[in-house]
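In each ligand, atom 1 is the first atom listed, and ligand 1 is the first ligand listed.
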Amino acid sequence: MEFCVECGAEEKLYGHLCKDCLLSKDLIKPPAHVSVVVCRACDKVLKGSRWLETSPMEEAGESLGKETKTHTEVTGLKWEIPDFEPEKGEHMLECNAVASIGGEELSLPFKVSVKIGMQMCDVCSRMRGDYYEAIIQLRRGDLGSQGSDRDLAEADAGILKAISELGKADKMGFLAKTEEVTGGIDYYLGSMGVARSVTRKIRDSKGASITESRSLVGMKDGKELYRWTILIRLPSHRAGDVVVFENELHAVESVGRKYMNLRHLLSGKKTRIQVGSGNLKSIAPKENLEEAVVVSKAEDTVQVLDPRNMKTVTLSRPAGLKDIGETVIVVRQDEELFIV
Ligand SMILES: [Zn+2]
Ligand SMILES: [Zn+2]
C-alpha cells in the first residue's frame, strides 16, 4: 500500500500526496492581474495586434490560462469567468479554476483582478478621424429649380439608402460626413468600392452622367494611396419634360446615357439627339405641365378650357393623336397653350 509522503495517510494518491496535502500546496497560482483591451466604440477586443469580435470574459479567461502557474500534478486547467460589464478600470472577479488532477476535475475558487483598458480599434478610429477614401459629388441638372430640387432630393434619398445597405457588408463603407454645396451635395465615404456601387445605382435609376477622378494622397506599405472623386451630374432633361429644339416645341420621350428621343408636339415627328448636345432649352419640366378639360374635338383642332381662366381656346390637334379623352395635358409657352 502506498501512503502519502507528507502525512502518511493510506488513500488514493496524486503523485506522492493525498488529496488534503495536495490542496495545501499552491496548485494554481494565477497572475496578479490580467489586462483586456476593448474598443470603446464597437466593443471589439484586442488580441495580439488584431481586433476581434470576442467577449472580454473569453479573452480574460484565455489570458489567465496562459499566465497561471500550475503544480506539476495539474495536467489541465480551465478558467470560468463570470459575466461582467467591461467598464474601464479594475474588476475583482470571483472566478473558478477547473484543474485536472489525476484524472479528476477539481474546481477551485479564486478572486482574480481583470483590468479593462479602452482604446479605439482601427476601423472606428478611421471613422471618427474624418478618414475617407472617396467623395461622391451629386450635382443637380439644369432643369429649373422645381424639377431639379425634386430630382436632387430623390437622388439624395437613393444615395443614403444605398450607402446604408452596402455599408452593412463592408465595414469601411461608412459615411464619414455629408456637405451641402452650391449645386448639390458631397458625400465622404470610407470605401471606394462602396462609392462606385452607390454611383452605379444612381446612374442606372436616374440616367445621370458619371465622371471619376483621383488624386495621390500618399504611400502605404510601398503602394500609392489615392483619394477618389466621383461626380454624378443629374440629367437636365427627363422623359415627360417639354423642351425647345431648333425653335420648335418637343416632348422628351426617353433619356438614355448617350442619346435622348424627342417628339415634335405638332407633327409627332421623332428625333434622336445626343445627351448634352447643348442646343436644347427646357420650357417646362413635367411637374409644370397642366391638365385642360376638353370641350370639343375636330379633325385638326381641339377646344379646351384654359385651366388658368376657364376660357375656351382652340388648339391645333397634334398629328397622330387619335384618342382624346375628357382632358389633355398642355404646356404654356408665351401665353399660348399646346397639347403635349
Ligand atoms: Zn497527505
Ligand atoms: Zn471599434
Should the pair Arg140-Asp151 be classified as a salt bridge under the 4.0 Å nitrogen-to-oxygen rule? no
Hey, what's the ring geometry for Phe84 with His91, parallel, tilted or perpendicular (30° and 60° as the breaks)?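 The arrangement is tilted - the two ring planes meet at 30° to 60°.
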Tell me the angle that SG of Cys39 and SG of Cys42 form around the Zn ion (ligand 2), rounded to 10°. 100°
Would Thr54 and Glu59 count as having a side-chain donor-acceptor pair, cut-off 3.5 Å? no
Is it the case that the side chain of Arg263 and the backbone of Lys269 share a donor-acceptor pair, with hydrogens and angles ignored and the cut-off at 3.5 Å?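 Not at all, since once roles are kept as given, no pair shorter than 3.5 Å links the two residues.
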At less than 2.8 Å, how many protein N/O/S atoms surround the Zn ion (ligand 1)? Leave waters out. 4
What residues form a ring-ring contact (aromatic ring centres under 6.0 Å, His included) with Phe110, not counting sequence neighbours? Trp79
If you round to 10 degrees, what value do you get for the angle at the Zn ion (ligand 2) between Cys121 atom SG and Cys124 atom SG? 100°
Given side chains that start at C-beta, do those of Val123 and Cys42 come closer than 4.5 Å, heavy atoms only?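 No, side chains not in contact.
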Between Gln303 and Thr314, is any side-chain donor less than 3.5 angstrom from a side-chain acceptor? yes
